Amino acid sequence: RHRHTHTVTPSLTDPPLQMQMRFDGRLGFPGGFVDPEAEGLEAGLCRELLEELGCPVELGEQDYLSSHAYSSQHLVTHFYTKSISLEQLRDIERAALSAKDHGLEVMGMVRVPLFTLRDGVGGLPAFLSNCFIGNARCQLVDALRSLRLVREDWLVSALKLSHH
């Protein structure tokens, strides 16, 4: 079994990073299970994104970031990212409210706070303290690093403050 996860990152000076609140109360990225024998990996991910986001998001190999294998579950997760405009992100957030899976698999879209409040805990450190599905927290941290959305020293500090 293959599970795709995906994040959308608008290209801005301080770009929002999008995740979703799942039906089980955990944070994760849009995506789902794909049978690579029945459909290609990217085609399956695009189908899942349409179901969860309510609008088409075209992805390809150029958007691939990483994979993680779980031998005990016979599962491989594939993580993709896509830079889009803030206007496109807003369109996706609006469309998600009417998506097939809204209110069933997906409770709503969430922007990751890429800041820390003056108290030193609010913002990203507090966000990282939430409950994430599977390796979504690791995927988030990898995306923040790989896409250089935050400085490394600041990310390390946020991780320490998150108590995970």
Side-chain angles (χ1 to χ4, degrees), residues 1-10 14-34 41 44-45 47-54 57 59 63-82 84 89-90 92-164:
R1 295 185 312 172
H2 291 263
R3 178 171 173 84
H4 279 272
T5 53
H6 167 261
T7 185
V8 174
T9 308
D14 190 16
L17 189 65
Q18 185 185 59
M19 293 186 80
Q20 64 186 17
M21 177 59 67
R22 296 165 31 92
F23 70 96
D24 58 7
R26 297 177 185 155
L27 291 166
F29 290 102
F33 290 102
V34 174
L41 292 176
L45 175 56
R47 175 187 50 74
E48 285 286 337
L49 293 176
L50 180 59
E51 291 172 6
E52 294 184 10
L53 300 177
V57 177
L59 291 168
D63 302 308
Y64 170 82
L65 188 64
S66 63
S67 294
H68 184 84
Y70 297 88
S71 57
S72 62
Q73 298 177 26
H74 304 288
L75 176 71
V76 178
T77 61
H78 305 279
F79 189 60
Y80 289 73
T81 64
K82 179 122 184 136
I84 61 172
L89 176 68
R90 289 180 179 143
I92 289 171
E93 289 172 333
R94 279 189 291 277
L97 295 172
S98 302
K100 174 185 167 200
D101 290 343
H102 183 76
L104 301 171
E105 289 184 27
V106 180
M107 298 294 106
M109 304 311 297
V110 177
R111 290 190 189 183
V112 178
L114 299 181
F115 56 84
T116 299
L117 294 178
R118 288 186 185 145
D119 66 4
V121 179
L124 185 60
F127 188 84
L128 291 170
S129 297
N130 284 302
C131 185
F132 294 82
I133 187 70
N135 66 338
R137 185 175 187 269
C138 292
Q139 290 172 325
L140 170 59
V141 171
D142 288 347
L144 292 172
R145 280 191 170 118
S146 298
L147 302 173
R148 296 186 175 145
L149 298 177
V150 296
R151 288 190 343 247
E152 179 65 21
D153 61 325
W154 185 74
L155 179 57
V156 169
S157 175
L159 288 166
K160 285 179 185 173
L161 291 168
S162 72
H163 307 293
H164 266 278

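From a predicted model like this one, the values you see are computed outputs, not experimental measurements.
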Report yes if the side chains of V57 and I84 come closer than 4.5 Å at any heavy-atom pair, otherwise no. no
Using modelled atom types only, decide if a donor and an acceptor are shared between the side chain of E52 and the backbone of A99 within a distance under 3.5 Å. no
Distance (rounded to the nearest 0.5 Å) between Q139 CD and D142 CG: 7.5 Å
Can you check whether C138's main-chain N or O pairs, donor with acceptor, with N135's side chain at less than 3.5 Å? no
Please check this pair: side chain of R137 against backbone of L128, looking for a donor-acceptor N/O pair closer than 3.5 Å. yes
Just wondering, do F132 and R26 contact through their side chains at under 4.5 Å, heavy atoms? no
Between F29 and Q20, is any pair of side-chain heavy atoms under 4.5 Å apart? no
Just wondering, do L53 and M109 contact through their side chains at under 4.5 Å, heavy atoms? yes
Residue pair L27 / L140, side-chain heavy-atom distance below 4.5 Å: no
So do Q18 and E93 actually touch side chain to side chain, heavy atoms under 4.5 Å? yes
Donor-acceptor under 3.5 Å (S98 side chain, R94 main chain): no
Side-chain heavy-atom pair L124, L144 within 4.5 angstrom cut-off: yes
Taking S129 for its side chain and S162 for its backbone only, find out whether a donor-acceptor pair lies under 3.5 Å. yes
Is there side-chain contact between L45 and Y80, with heavy atoms separated by less than 4.5 Å? yes
So Y64 and H78, would you call those rings parallel, tilted or perpendicular, with 30° and 60° as cut-offs? tilted
